[in-house]
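Working notes, beginning with the structure itself.
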Amino acid sequence: MRILINGNMGYIGPVLVKHLREVFPDVELIGFDSGFFSGCLVDKQFFPEAYLDRQYFGDVRKFPPDILKGVDAVVQLAAVSNDPMGKAFEKPTAEINREAVVRIAKLAKDAKVGHFVFASSCSVYGAGGEGAKSESASLNPLTAYARSKVGCESGLASLAGPDFLVTSLRFATACGMSPRLRLDLVLNDFVAGAIASGEITILSDGTPWRPLIHVEDMARAIEWACTRSAEQGGPNLIVNTGSNHWNFQVRDLAYAVQEELGNVDVKINTNASPDKRSYKVDFSYFQSLAPAHYPQVSLSEAVRGLAEGLSEAGFHDPDFRNSDYIRLKVLNDLKAKGRITENLDWAKQPLIPVA
Ligand SMILES: NC(=O)c1ccc[n+]([C@@H]2O[C@H](COP(=O)([O-])OP(=O)(O)OC[C@H]3O[C@@H](n4cnc5c(N)ncnc54)[C@H](O)[C@@H]3O)[C@@H](O)[C@H]2O)c1
């Protein structure tokens, strides 16, 4: 078996690759990534791509079809991957997250790839109402990022068939330790604040609902999607991916971190205007389809894993919201230095004139 992971050099990719290497020791694993965050490693002496058989560098908008030869499953992670980045880079967000993905899926179908796994997002539901959103709920994407996921899901649906199983995993918000850690995720931010300054600052009034999933549970779900049969969900499966036990109010996440780590102040912004991105999600369908791959990590394990990982890395930066752990900051720095363009292309000119 051969699995291609597009966008393997981000936050989720390294955890996924390690997981796939563990459960499928003999599978050929191939990575493809533009490398925007290649240097953003917690441990600069360990390159997580070592678990792969091959690594390609390139842009999904110019994807070389030859890479698909002999591939059984494509996992599509590559994306402009959150709301703030989607706002700052709106045009390439549509190109990378939707147009390129649908094009690669067409190429994959032509190349007789059997499974196409797309990392979608629960943010497609937008502002929430009272009940938990099941897959049949109406979509209300509020941002360029969420709109790109909705557009991509529908573009992929038209390609699915008995020999080309498409799985769009509508993931909850990720959390947990990774070799390329991000601190622009709610739980990770809270643990980092607790460790760096003994303080968790909630930017909202703390009431919004947010479903979460641990990055290792995301990897388990992707493993399932790479190997599922058509009987498990049909040719085009769109499924909420997370756990019914992991719908949290943001303030309760902060209190959970406080309880787990101790000696932490929680500051809530009581003057904040209501956060529109509040939603609960129903993950029952995923549970019924893939009971053995339903999330397993507990909230306290997630918090402890982050705290241990950050402590091992010697992390103590109270200004981490302005550091390389924040994806938008990394892209803005690359742009300011002329290394990437505003269309998220690597600059073609050498930075230092060659004598
Ligand atoms: N992290 C979350 O909370 C979450 C939740 C739901 C869904 N997802 C989705 O999961 C996927 C992976 O998320 P992540 O957190 O690892 O994101 P990430 O930003 O950490 O990683 C994305 C990777 O894609 C690569 N990439 C971006 N543009 C590219 C291009 N034009 N060509 C080639 N590679 C490119 C980047 O270099 C990076 O390595 C994304 O599609 C994201 O939307 C993430």
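Heads up: numbering here begins at 1 and tracks the sequence. Read the numbers this way: they start at 1 and go in the same order the structure lists the ligands and their atoms.
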Would you tabulate the polar-atom pairs, meaning N/O of ligand 1 against N/O of the protein, with distances under 3.5 Å, reported to 0.1 Å?
residue  : atom   : partner : partner atom : Å
ligand 1 : 3 (O)  : A174    : N            : 2.8
ligand 1 : 15 (O) : R327    : NH1          : 2.8
ligand 1 : 16 (O) : Y11     : N            : 3.2
ligand 1 : 16 (O) : I12     : N            : 2.9
ligand 1 : 17 (O) : S81     : OG           : 3.2
ligand 1 : 17 (O) : R327    : NH1          : 3.3
ligand 1 : 19 (O) : S81     : OG           : 2.6
ligand 1 : 20 (O) : Y11     : N            : 2.8
ligand 1 : 20 (O) : R182    : NE           : 3.0
ligand 1 : 20 (O) : R182    : NH2          : 2.5
ligand 1 : 20 (O) : R327    : NH1          : 3.3
ligand 1 : 31 (N) : D59     : OD1          : 3.0
ligand 1 : 32 (N) : V60     : N            : 2.9
ligand 1 : 34 (N) : S34     : N            : 3.2
ligand 1 : 34 (N) : S34     : OG           : 3.3
ligand 1 : 37 (O) : D33     : OD1          : 2.6
ligand 1 : 37 (O) : S34     : OG           : 3.3
ligand 1 : 37 (O) : F36     : N            : 3.4
ligand 1 : 39 (O) : M9      : O            : 3.1
ligand 1 : 39 (O) : G10     : N            : 3.1
ligand 1 : 39 (O) : D33     : OD1          : 3.2
ligand 1 : 39 (O) : D33     : OD2          : 2.7
ligand 1 : 41 (O) : L77     : O            : 2.8
ligand 1 : 41 (O) : K149    : NZ           : 2.9
ligand 1 : 43 (O) : Y145    : OH           : 2.6
ligand 1 : 43 (O) : K149    : NZ           : 2.9

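Residues meeting the side-chain contact (heavy atoms from CB on, under 4.5 Å) test with K112, sequence neighbours left out: none. The side-chain contact (heavy atoms from CB on, under 4.5 Å) search around E301 returns V297, S298, R304, not counting sequence neighbours.
Y325 and N188 share no side-chain donor-acceptor pair at under 3.5 Å.
Here the CG-CZ distance, from L334 to F37, works out to 8.0 Å after rounding to the nearest 0.5 Å.
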Using distance only, find each side-chain donor-acceptor pair of residues 1-10 under 3.5 Å and give its atom names and separation, not counting sequence neighbours.
residue : atom : partner : partner atom : Å
R2      : NE   : E28     : OE1          : 3.0
R2      : NH1  : K69     : O            : 2.8
R2      : NH2  : E28     : OE1          : 3.3
N6      : ND2  : Q76     : OE1          : 2.9
N8      : OD1  : F32     : N            : 3.1
N8      : OD1  : Q55     : NE2          : 3.3
N8      : ND2  : Q55     : OE1          : 2.7

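Although no hydrogens or angles enter the test, the distance criterion places no donor-acceptor pair under 3.5 Å between the side chain of R147 and the main chain of V124.
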